[in-house]
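First comes the structure, then the notes that go with it.
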Amino acid sequence: MPKIKKTENYFTQPGVANIGLSKEDIKTSFLEKLFYSLGRIPVVATKNDFYTSLALTVRDRVFRKYVKSLEQYVEEDARGVAYLSAEYLPGPHLGNNLLNLEIMEETREALAELNLNLDEILNEEVEPGLGNGGLGRLASCYMDSLATLGIPSIAYGIRYEFGIFKQEIQDGWQIESTDKWLHNRNPWEVIRPEISFEVKFGGHTEHSRDQDNKLHIEWIPGTEIKGTAFDTPILGYQSNAIILRLWKAEATESFDFAAYNLGDYYRAVEKKMRSENITKVLYPNDENLSGKELRLKQQYFFVCCSLKDIIRLHLLQGRKLETLHEKFTIQLNDTHPSIAVAELMRLLVDVHQMGWEDAWKVTQNTFAYTNHTLLPEALEKWPVNLLRNLLPRHLEIIYEINSRFITEIREKDFSGEQISRMFLIDDRGEPTVRMAHLATVGSYKVNGVSALHSGLLQEQVLKDFAQLWPKKFTNVTNGITHRRFLAVSNPRLAALISENIGKDWLTQLDKLKGLEPFAANKDFRSKWMQVKLENKKNLATHIKELTGIEIKPEMLLDIQVKRIHEYKRQHLKVLHILSLYLQIKKDKQNTVPPTAFVFAGKAAPGYFMAKRIIKLITSVGDLINNDPEVNGTLKVIFLPNFSVKLAQHVYPGADLSEQISMAGKEASGTGNMKFALNGALTVGTLDGANVEIREEVGEENFFLFGLTTEEVADKKKQGYHPYKIYSENENLKRVIDFLISDELTKGDPELFRSVYDNLLNQDPYLLLEDYQSYVDQMENVYKVWQDPEKWAQMSILNVANMGKFSSDRSIKDYCEKIWKVGAVKV
Ligand SMILES: *Cc1c(COP(=O)(O)O)cnc(C)c1O
């Protein structure tokens with residue numbers, strides 16, 4: 001191959017493949033893809049053929065940016081970030097890439113000249129549902145910012161063949177079906193058959209000493225499988241591109257016909273299929289995980305491939321392994337990849353013959369760990385027995401890390417009780433490994449995801465570690481990419497903003513501050529609310545298509561979309577809706593402004609109460625939507641199959657954002673940020689990032705209610721008696737009793753008995769305690785809603801003060817506080 005000094009010199013040579021950005025170039029490429037890559041002509045082509053042709057057209061242009069970025073990273077020998085996450089939720093790629101290449105309009109026109117409609121083609125894309133919710137979406141927002149900011153980085157994960165299940169609603173219940181996102185093929189990814197690694201499982205270890213009495217440990221596995229890389233380029237705005245590298249599991253060797261008789265042949269096929277199982281399906285649990293063996297296999301599988309790849313990249317540059325931590329920092333997105341601490345030790349000590357102390361120094365200086373939850377049931381713990389069977393060498397390493405760590409802290413001023421609390425192994429009951437402790441001990445930094453959460457992390461869950469290593473702990477408040485969640489998904493608002501304050505906000509979200517004076521401008525307020533109304537019309541169309549329910553776009557759109565979980569308290573919203581319903585029905589009092597309550601979100605398939613809550617929402621919906629006495633005022637909608645694609649229609653159309661989790665439970669939330677950035681006002685508790693959003697937008701522009709984290713803790717300490725609250729609040733009592741009424745349950749009194757009993761007996765998330773304060777604050781919401789000028793003003797001020805919540809700011813925080821990595825921009 002001829003030596004190309006700079007790819008740019010090549011790209012600009014005459015006669016070289018056309019990947020220009022003009023309308024004509026795009027049109028030519030699009031047709032070339034249709035003819036030469038797909039072998040189609042327009043009269044027989046399907047919408048998916050058109051979508052694929054356009055995606056390939058765009059991918060070429062993205063790869064052009066990527067090779068330039070890569071070239072620069074290599075040339076500068078830059079320090080880089082490897083982001084390890086078991087989940088990603090990128091959303092549709094096409095629209096975002098068009099924005100980032102700044103060819104949205106050129107593409108629209110090129111297609112129009114071919115009698116094609118860009119919006120219809122955009123709508124063809126099936127998104128990769130490789131995550132459950134907030135955590136996976138965060139990883140994808142961070143990729144957008146890493147690329148935009150030019151941070152040398154690579155993201156690793158799992159190429160699940162079936163992503164998060166598809167949710168349908170039948171008879172009011174959630175029904176799951178498999179998500180076939182690869183069915184129409186995935187034009188964004190490139191397979192790298194040559195980047196593949198072997199991954200061992202099971203078996204045993206053998207310890208031996210050589211002539212110099214040096215200990216050698218060999219892991220003799222029970223099985224081996226292979227992981228192959230699939231790369232998807234992620235383009236930043238006007239900037240670099242980075243790679244999302246996802247691993248797919250396969251059998252190590254293809255079976256050899258001649259060597260097998262018929263019986264063995266089938267056994268070999270089965271073995272191949274068993275190996276491939278590892279990356280078949282994403283576990284659909286948002287917060288808590290049971291000790292599923294396959295889940296641990298998935299975690300180890302992707303961690304092993306990723307670390308081997310990082311070491312390969314490091315050595316490829318002619319460096320020594322002793323300097324790994326100087327050139328790479330590896331971010332652990334939650335504990336899902338935390339087995340990496342033991343795996344890196346294994347690779348360094350067993351495979352690369354480094355001494356334990358040196359290897360530990362490299363390891364401890366390479367990893368940083370992000371904690372995402374304080375929920376006790378969500379803290380990962382793997383049974384020692386499971387680890388012994390699956391990863392026997394790792395278990396030995398974990399015991400060794402534990403014993404050295406204990407020796408170290410015994411010399412410090414810690415009580416016996418503290419020391420046993422810090423053990424990596426929990427041996428009360430069935431022995432388990434506390435993965436958060438492994439991640440904490442094996443990392444140089446640990447961060448929470450909002451100021452409140454990071455504080456609680458240091459005061460509660462990892463208190464002893466924070467005392468031992470105060471400087472190890474820090475906060476990085478989550479952020480969202482405002483390019484996808486404002487520029488791409490809300491083009492009308494984006495245009496109005498740019499017309500008035502210019503386009504700098506696309507790379508510096510703080511510039512939105514320039515909108516503040518416009519809040520006092522009546523003409524601007526009217527344009528602002530006109531944009532909102534258009535977005536609400538668009539959402540109303542989607543609601544009609546998805547549910548058949550019609551709403552008037554002038555209604556107050558009061559929206560709660562997120563995973564269904566008791567701590568998020570969708571059922572608190574339901575109690576409020578029922579109180580309004582009963583007020584109209586029984587008291588014949590109608591003071592509520594016309595409102596559509598919109599819910600969406602998936603429940604983990606095995607989460608009984610969450611699925612019941614969906615049925616509760618849809619039952620209340622059936623009752624209200626079909627009652628002419630109330631359905632002019634109230635509508636209740638459950639949108640099926642919440643996804644990034646659907647989210648991009650929902651946030652822009654919202655008037656009111658529901659962020660009503662029990663204080664202390666939502667680590668950060670990012671839905672709260674997406675709503676506020678799109679001009680919704682928030683009713684919420686002092687939980688997660690709500691606290692910081694309220695600080696930024698001003699308390700007068702935020703509808704606050706409910707107990708604080710501290711008050712929640714006090715209440716629980718004093719002994720909480722929901723029944724007492726119920727019996728002393730007539731309005732609440734009527735609402736709760738309605739849950740088991742015939743009117744709602746249509747002759748099945750057991751239908752919501754579990755919800756009713758749970759609230760009256762335990763009410764672990766204090767719905768009853770916060771009920772009145774919520775209902776009162778909603779009265780206040782309605783008062784403001786009756787004053788459209790005031791509402792508009794508050795909406796503008798919310799958007800103007802959202803600068804902090806760009807994921808660009810989060811990534812800069814990571815770079816400064818944790819990674820010590822700088823930008824390399826092309
Ligand atoms: C933002 C987002 C979430 C997270 O929402 P929260 O309200 O923070 O729980 C979940 N799912 C999707 C598809 C999202 O876009």
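For ligands, and for the atoms within them, numbers begin at 1 and follow the listed sequence. Note that the numbering runs from 1 along the sequence shown for the chain.
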| request: Mind checking side-chain contact (heavy atoms from CB on, under 4.5 Å) for A86 and listing every partner two or more places apart, or none if nothing turns up? | output: Y160, F302, H336
| If we ignore angles and hydrogens, is there a donor and acceptor under 3.5 Å between the side chains of S85 and E87? | no
| Partners meeting salt bridge (charged side-chain N to carboxylate O under 4.0 Å, His left out) with K537 (sequence neighbours left out) | E534
| task | Using modelled atom types only, decide if a donor and an acceptor are shared between the side chain of R563 and the backbone of K602 within a distance under 3.5 Å. | result | yes
| query | Can you list every ring pair (Phe, Tyr, Trp, His ring centres under 6.0 Å) pair that touches residues 650-680, not counting sequence neighbours? | reply | Y651-F675
| task | Using the six-membered ring of F230, assess whether NZ or CZ of R159 lies under 6.0 Å from its centre and within 45 degrees of the ring axis. | result | yes
Contact table, ligand 1 N/O with protein N/O, distance under 3.5 Å:
| unit_1 | atom_1 | unit_2 | atom_2 | d |
| --- | --- | --- | --- | --- |
| ligand 1 | 7 (O) | K562 | NZ | 2.8 |
| ligand 1 | 8 (O) | T670 | N | 2.8 |
| ligand 1 | 8 (O) | G671 | N | 2.9 |
| ligand 1 | 9 (O) | K568 | NZ | 2.8 |
| ligand 1 | 15 (O) | K674 | NZ | 2.6 |

